[in-house]
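See structure below.
The figures that follow rest on heavy atoms only: side chains count, while hydrogens, waters and symmetry mates do not. Numbers here are sequence positions counted from 1. Order of listing sets the numbers, starting from 1, for every ligand and every atom in it.
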Amino acid sequence: MQTAVTELFGIQHPILNAGMGRVALPEMVAAVCNAGGLGVLGAGSSPPEQTREMIREIRSRTNKPFGANTPLALPNGLENAKVCLEEQIPVINYSMGRGDWICKAAHAYGGKVMASVADQNLALKAQQHGCDAVIAAGYEAAGHSGAVTTFALIPRLAELLDIPVIAAGGISTGASMIAALALGAGGVSMGTRFWTTKEGPMHQGWKEKALELDVSDTLYSAKFDGIPCRQMDVPGARKMMDARMFNVFSVFQHSFQIARELEIPWTRLVIDTMKKGPKEIEGMMRMSQMLKSHSHTLVSGDTSKGFTTVGMSVGMVHDIPTIAELMDRIIAEAQECQANLARNVLG
Ligand SMILES: Cc1cc2nc3c(=O)[nH]c(=O)nc-3n(C[C@H](O)[C@H](O)[C@H](O)COP(=O)(O)O)c2cc1C
């Protein structure tokens with residue numbers, strides 16, 4: 001299946017895993033690449049030297065093109081973008097910030113850049129800033145999604161932009177991939193479907209929890225980290241969403257652990273956060289609580305505590321395959337869907 005996205009990145013299938021922080025790790029990235037897609041590392045807020053090591057590990061596991069996502073507004077985000085440039089990785093995916101300097105530097109060594117966007121204004125800016133593609137996340141998506149659904153957003157961006165659009169949000173099967181391509185996307189990026197695989201680092205208990213959930217079992221709120229964000233509907237997430245105040249004492253206590261994990265001095269973490277303004281400070285404090293809940297899902301299968309990020313597509317997740325099995329299945333489903341469509345259209 002050749003599309004503008006397979007040509008742009010030199011890959012076999014127009015399928016990417018979402019660059020999920022602390023979840024899309026080298027094992028997952030290499031498995032996606034080796035199965036013919038574009039694996040994307042979730043650098044998240046990882047310490048820059050850890051990001052460098054992860055990039056090198058991916059290179060030791062695959063010789064195929066790969067990418068890395070770095071959310072520029074988060075601690076270590078800018079530093080991680082610089083590491084990706086120094087390591088001359090094939091594809092850089094930035095989110096939450098302006099990336100014209102990344103495009104310029106990546107293009108100088110032949111790299112490609114894609115921005116993650118959730119509306120048409122951000123998408124147009126990304127194109128102006130020199131991006132080679134955008135990943136557009138509709139309302140259905142896990143994490144920070146926009147207010148417009150994938151079904152409305154993708155055709156509008158396909159109409160507006162000259163660069164390829166990669167659809168995200170609500171996609172987990174070959175049929176949903178074909179639907180996205182029919183709407184004008186050149187490829188798809190999936191988060192929820194990829195973390196519920198054998199290679200996903202979440203505790204088995206959370207993967208099994210995902211199998212129980214339906215398309216309506218997510219929560220969407222700005223209370224998680226200050227920006228509208230979709231999370232799994234479990235008691236831990238409801239508790240955070242329903243709380244009138246977040247626990248400042250717990251945030252203070254947790255800030256030391258965050259500074260340690262990010263390998264940045266505690267005072268720098270506090271000063272950088274303070275500089276951002278009251279709304280952002282509240283957002284960062286909320287995010288620190290959310291990250292604590294997410295950390296729990298990596299080490300414990302107790303789903304009565306903590307929560308994690310999922311999109312509405314979780315309702316279509318019914319098993320925990322390997323990534324190679326999943327990729328084969330999605331391609332087979334896509335071919336079957338195309339054949340069925342042709343039959344239906346012909347009556
Ligand atoms: C566990 C998890 C972690 C995520 N972390 C990030 C991240 O670090 N950076 C980012 O730009 N998007 C992140 N996302 C959002 C995805 O990039 C993507 O928009 C979303 O997963 C698409 O919806 P889907 O889950 O229905 O496929 C995350 C998603 C999940 C499920």
Side-chain angles (χ1 to χ4, degrees), residues 15-25 28-29 32 38-46 51 54 67-77 80-81 92-97 99 114-119 122 126 134-146 149-151 153-154 166-173 176-177 180 185 187-197 199-203 206-207 209-210 213 215 217-218 220 224-225 227-232 237 287 290-291 293-298 306-317 326 330:
I15 300 175
L16 287 68
N17 73 274
M20 302 170 275
R22 301 200 291 179
V23 173
L25 300 177
M28 180 182 291
V29 176
V32 174
L38 186 79
V40 181
L41 173 72
S45 278
S46 305
T51 299
M54 291 194 287
N69 169 271
T70 173
L72 300 179
L74 297 189
N76 288 334
N80 280 330
I92 302 181
N93 167 216
Y94 71 86
S95 50
M96 300 171 92
M114 41 186 195
S116 293
V117 300
D119 65 39
L122 286 172
V134 292
I135 301 180
Y139 181 67
E140 300 92 323
H144 298 126
S145 58
T149 60
T150 304
F151 211 86
L153 183 63
I154 300 308
I166 297 160
I171 301 163
S172 57
T173 61
S176 45
M177 176 169 104
V188 295
S189 169
M190 295 179 270
T192 303
R193 183 57 275 198
F194 273 112
W195 81 245
T196 48
T197 56
E199 289 86 345
M202 254 82 141
H203 194 283
W206 288 90
K207 294 183 193 172
K209 181 73 192 172
L213 300 180
V215 287
D217 293 330
T218 66
Y220 186 67
F224 295 115
D225 67 357
I227 308 171
C229 177
R230 189 174 304 286
Q231 302 290 330
M232 190 184 262
M287 188 182 288
M290 184 174 81
L291 288 179
S293 297
H294 285 180
S295 300
H296 168 81
T297 65
L298 296 171
F307 59 92
T308 190
T309 313
V310 284
M312 292 180 173
S313 58
V314 72
M316 291 295 287
V317 170
L326 178 65
I330 288 175

Discussion item. Yes or no, since that's all I need: does a protein heavy atom fall within a distance strictly under 4.0 Å of atom 17 (O) of ligand 1?
Written reply: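 It does: a protein heavy atom is found less than 4.0 Å away from atom 17 (O) of ligand 1.
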
Per [atom], closest listed option by heavy atom ([options]):
{"atom": "atom 5 (N) of ligand 1", "options": "Met20, Met202, Met316", "value": "Met20"}
{"atom": "atom 22 (C) of ligand 1", "options": "Gly77, Ala118, Pro201, Ala141", "value": "Ala141"}
{"atom": "atom 19 (O) of ligand 1", "options": "Ala24, Ser145, Ala137", "value": "Ala137"}
{"atom": "atom 24 (P) of ligand 1", "options": "Thr308, Thr192, Thr297, Asn93", "value": "Thr192"}

Worksheet item: Is a side-chain donor-acceptor pair under 3.5 Å present for Ser116 with Asn93?
Response: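 Indeed, the side chains of Asn93 and Ser116 share at least one donor-acceptor pair under 3.5 Å.
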
Practice prompt. Please name the pair of heavy atoms, one in Val188 and one in Ala180, separated by the smallest distance, quoted to 0.1 Å.
Written response: CG1-CB, 3.7 Å

Fill in: Val40 to Leu16 - nearest heavy-atom pair and separation
CG2-CD2, 4.3 Å

Check each atom of ligand 1 against the heavy atoms of [X] and keep those under 4.0 Å away; list them by number with element.
{"X": "Trp195", "answer": "1 (C), 31 (C)"}
{"X": "Gly170", "answer": "26 (O)"}
{"X": "Ser95", "answer": "11 (O)"}

Are [X] and [Y] packed together at the side-chain level, in the sense that at least one heavy-atom pair is separated by less than 4.5 angstrom?
{"X": "Val23", "Y": "Met202", "result": "yes"}
{"X": "Leu38", "Y": "Met114", "result": "yes"}
{"X": "Thr192", "Y": "Ser172", "result": "no"}

Would you confirm whether [X], through its side chain, and [Y], through its main-chain N or O, come within 3.5 Å as a donor-acceptor pair?
{"X": "Lys209", "Y": "Met232", "result": "no"}
{"X": "Thr309", "Y": "Gly143", "result": "no"}
{"X": "Arg230", "Y": "Gly311", "result": "no"}

Under 3.5 Å: N/O of [X] near N/O of ligand 1:
{"X": "Asn69", "answer": "yes"}
{"X": "Ser313", "answer": "yes"}
{"X": "Gly191", "answer": "yes"}

Identify the protein heavy atom lying closest to [atom], giving its residue, its atom name and the separation to 0.1 Å.
{"atom": "atom 12 (N) of ligand 1", "value": "Gly19 O, 4.5 Å"}
{"atom": "atom 31 (C) of ligand 1", "value": "Thr309 O, 3.3 Å"}
{"atom": "atom 8 (O) of ligand 1", "value": "Gly21 N, 3.0 Å"}
{"atom": "atom 20 (C) of ligand 1", "value": "Ala142 O, 3.6 Å"}

Any [X] heavy atom less than 4.0 Å from ligand 1:
{"X": "Ala18", "value": "yes"}
{"X": "Met190", "value": "yes"}
{"X": "Gly42", "value": "no"}

Discussion item. Would you call the rings of Phe307 and His294 parallel, tilted or perpendicular, taking 30° and 60° as the class edges?
Written reply: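 It falls in the perpendicular class, over 60°.
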
Worksheet item: Can you tell which of Ser46, Ser295, Ser45 makes a side chain to side chain donor-acceptor pair (under 3.5 Å) with Arg22?
Response: Ser295

